[in-house]
Undergrad: 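Okay, here's the structure, questions in a sec.
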Amino acid sequence: MLNTGNNVLITGAGKRIGAALAKEMAAEGWHVCVHYNKSLTEAQKVVKDIISKGGQATPIHADLADAKAPEKLIVRCQEAVGALNCLINNASIFEYDELDSINAGSIDLHHAINLRAPLLLSQAFSKKIPKKEKGNIINILDNKVMAPNPDYMSYTLSKVALKGATEILAMAMAPRIRVNGIAPGITLLSGKQSKSRFEKAHTTNPLKKGCTPGQIAAALKLILDCPAMTGEVIVLDGGQKLQRLPRDIAFLT
């Protein structure tokens with residue numbers, strides 16, 4: 001039987017920040033569509049963990065690099081759990097390039113997944129939400145959008161564009177759908193970064209305190225609990241954006 005309550009799609013929810021948000025939303029009573037692309041095993045584990053704690057979750061696959069995938073994903077979620085009233089655009093590709101190595105392929109892939117997919121998902125979400133329902137879209141950004149530097153150039157440009165889209169969509173979708181963003185600083189160890197370098201980078205900011213998945217989940221709940229908030233971006237980086245660093249923090253520690 002389809003759920004007529006709160007249903008949320010979280011993209012890239014098979015691991016890392018997406019998985020943490022999926023578990024948090026499920027604990028708050030939401031039926032979570034756990035989107036994954038290549039992380040089937042991880043997504044199944046997230047769903048299992050949620051169900052074992054009495055929550056509701058459904059794994060759904062889509063390759064968001066495919067331009068037709070976003071609309072199909074929204075339809076499949078609706079068929080599986082019922083109408084969605086929340087969309088969290090978390091899925092992202094994060095590959096290194098800079099001025100000398102940037103190329104058309106890198107630009108296109110980052111924009112396809114980090115910008116085009118969230119836009120098309122938002123469009124499909126707005127078309128499918130029941131007429132009398134209120135909805136929320138939350139875009140997971142990056143604190144780099146507030147203080148950009150040349151590292152991870154394709155990635156950064158795609159996230160800067162998504163920040164702009166957050167504000168534009170908030171205007172276009174009001175009053176029925178609120179659109180906001182969360183821009184975390186370094187949160188989890190990634191790539192070839194050592195644990196010691198991660199720990200140093202995690203606290204290299206005015207507050208000496210880095211972001212955590214739990215803080216992102218708390219910001220998410222704040223957005224959902226504030227019906228007058230739209231077009232806003234919550235930055236969680238310990239004040240790192242104020243330092244205007246010349247390079248990505250991973251290379252300065």
Side-chain angles (χ1 to χ4, degrees), residues 10-13 15-25 27-28 86 88-96 98 110 114 118 136-167 170 178-253:
I10 305 178
T11 63
K15 54 186 180 180
R16 297 175 66 82
I17 291 172
L21 296 180
K23 294 174 183 178
E24 186 67 33
M25 291 293 278
E28 293 290 318
C86 186
I88 300 175
N89 287 309
N90 168 75
S92 180
I93 181 172
F94 179 68
E95 295 183 354
Y96 186 79
E98 35 77 44
H110 279 84
N114 298 359
N136 279 279
I137 296 174
I138 297 97
N139 295 321
I140 305 301
L141 303 169
D142 189 300
N143 75 323
K144 283 167 69 71
V145 304
M146 300 299 186
N149 58 66
D151 289 317
Y152 296 96
M153 189 172 286
S154 292
Y155 166 82
T156 301
L157 290 171
S158 67
K159 289 293 188 178
V160 168
L162 185 58
K163 174 183 178 291
T166 300
E167 298 173 357
R178 297 190 292 116
V179 186
N180 292 283
I182 302 172
I186 185 169
T187 304
L188 297 171
L189 194 151
S190 62
K192 298 180 180 180
Q193 190 177 38
S194 68
K195 184 176 180 181
S196 61
R197 287 180 63 186
F198 167 76
E199 290 175 348
K200 185 175 181 180
H202 200 58
T203 57
T204 304
N205 56 62
L207 291 182
K208 309 299 182 186
K209 185 185 296 291
C211 185
T212 64
Q215 291 179 51
I216 299 173
L220 172 59
K221 287 191 286 187
L222 172 65
I223 290 171
L224 295 176
D225 287 341
C226 293
M229 182 189 293
T230 196
E232 296 294 334
V233 175
I234 298 174
V235 182
L236 304 170
D237 68 353
Q240 185 189 91
K241 69 173 184 177
L242 304 174
Q243 297 171 315
R244 300 287 172 180
L245 300 176
R247 297 205 64 191
D248 189 270
I249 186 63
F251 301 114
L252 295 177
T253 53

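Residue numbers count from 1 along this sequence. Since the structure is predicted, the reported quantities are computational estimates derived from the model, not experimental observations.
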Undergrad: Look at the side chain of Lys144 and the backbone N and O of Leu157, then say whether any donor-acceptor pair between them is shorter than 3.5 Å.
TA: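 Flag not set: sc Lys144 to bb Leu157 has no pair under 3.5 Å.
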Undergrad: Is there a side-chain contact between Lys200 and Arg197, using heavy atoms and a 4.5 Å cut-off?
TA: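 Contact flag for Lys200/Arg197 side chains = no.
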Undergrad: Quick one: OG on Ser154 to CZ on Phe94, what's the gap to the nearest 0.5 Å?
TA: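 Rounded to the nearest 0.5 Å, the OG-CZ separation comes to 12.0 Å.
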Undergrad: Would you name the heavy atoms of Lys241 and Met146 that are closest together and state the gap between them?
TA: CD-CB, 3.9 Å
Undergrad: Do Arg178 side-chain atoms and Cys226 backbone N/O form a donor-acceptor pair below 3.5 Å?
TA: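 Flag set: sc Arg178 to bb Cys226 pair under 3.5 Å.
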Undergrad: Closer than 3.5 angstrom, by distance alone: can the side chain of Thr203 be matched with the main-chain N or O of Lys208 as a donor-acceptor pair?
TA: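 No, because the side chain of Thr203 does not come within donor-acceptor range (under 3.5 Å) of the backbone of Lys208.
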Undergrad: Tell me which pairs pass side chain to side chain donor-acceptor pair (under 3.5 Å) where either residue lies in residues 228-239, with sequence neighbours left out.
TA: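 As it turns out, the side chain to side chain donor-acceptor pair (under 3.5 Å) pairs with a partner in residues 228-239, which skip direct neighbours, are Asn143-Asp237.
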Undergrad: Does Ser158 reach the main-chain N or O of Tyr155 with its side chain, forming a donor-acceptor pair under 3.5 Å?
TA: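 Checked: pair present.
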Undergrad: Starting at CG of Leu21, measure out to CD1 of Ile140 and round the result to the nearest 0.5 Å.
TA: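 Rounded to the nearest 0.5 Å, the CG-CD1 separation comes to 5.5 Å.
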Undergrad: With a 4.5 Å heavy-atom cut-off, do Cys86 and Ile138 have their side chains touching?
TA: yes
Undergrad: Decide yes or no for Ile216 and Ile17: does some side-chain heavy atom of the first lie under 4.5 Å from some side-chain heavy atom of the second?
TA: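 Touching, per the 4.5 Å side-chain cut-off.
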Undergrad: Answer yes or no: is there a side-chain heavy-atom contact under 4.5 Å between Glu24 and Leu220?
TA: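 A side-chain contact under 4.5 Å is absent here.
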Undergrad: If you look at every heavy atom in Leu236 and Gln215, which pair is closest and at what distance?
TA: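 Taking Leu236 first and Gln215 second, the nearest heavy atoms are CD1-O, 3.6 Å.
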Undergrad: Where the side chain of His202 meets the backbone of Cys211, is there a donor-acceptor pair that is under 3.5 Å apart?
TA: yes
Undergrad: Please tell me if the side chains of His110 and Glu95 come closer than 4.5 Å, counting only heavy atoms from C-beta onward.
TA: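 Of all side-chain heavy-atom pairs linking Glu95 with His110, at least one is under 4.5 Å.
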Undergrad: Can you confirm whether Met229 sits close enough to Val179 that some side-chain heavy atom of one is under 4.5 Å from a side-chain heavy atom of the other?
TA: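 No. Closest side-chain heavy atoms not under 4.5 Å.
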Undergrad: Can any side-chain N or O of Thr187 pair as donor or acceptor with the backbone N or O of Gly185 at less than 3.5 Å?
TA: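 At least one qualifying donor-acceptor pair exists.
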Undergrad: For residues Leu162 and Asn114, determine if any side-chain heavy atom of one lies less than 4.5 Å from a side-chain heavy atom of the other.
TA: no
Undergrad: Quick one: does Asn205's side chain have a donor or acceptor within less than 3.5 Å of a partner on Gly239's backbone?
TA: no
Undergrad: Check this for me, if you would: do Asp151 and Arg247 make a salt bridge, where the nitrogen-to-carboxylate-oxygen distance has to be below 4.0 angstrom?
TA: yes
Undergrad: What I want to check is whether the side chains of Asp142 and Tyr152 have a donor and an acceptor closer together than 3.5 Å.
TA: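 Checked: Asp142/Tyr152 side chains show no N/O donor-acceptor pair below 3.5 Å.
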Undergrad: Determine whether Thr204 and Ile249 make a side-chain contact, defined as any pair of heavy atoms from C-beta on separated by less than 4.5 Å.
TA: yes
Undergrad: Would you give the length of the straight line joining atom CD1 of Ile10 to atom CG of Asn89, rounded to the nearest 0.5 angstrom?
TA: 11.0 Å
Undergrad: Would you name the heavy atoms of Arg244 and Ala147 that are closest together and state the gap between them?
TA: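 Nearest heavy atoms, Arg244 then Ala147: NH1-CA, 3.5 Å.
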Undergrad: What I want to check is whether the side chains of Asn139 and Thr166 have a donor and an acceptor closer together than 3.5 Å.
TA: yes
Undergrad: Which atoms form the tightest heavy-atom contact between Ala183 and Val233, and what is the distance?
TA: CB-CG1, 3.8 Å
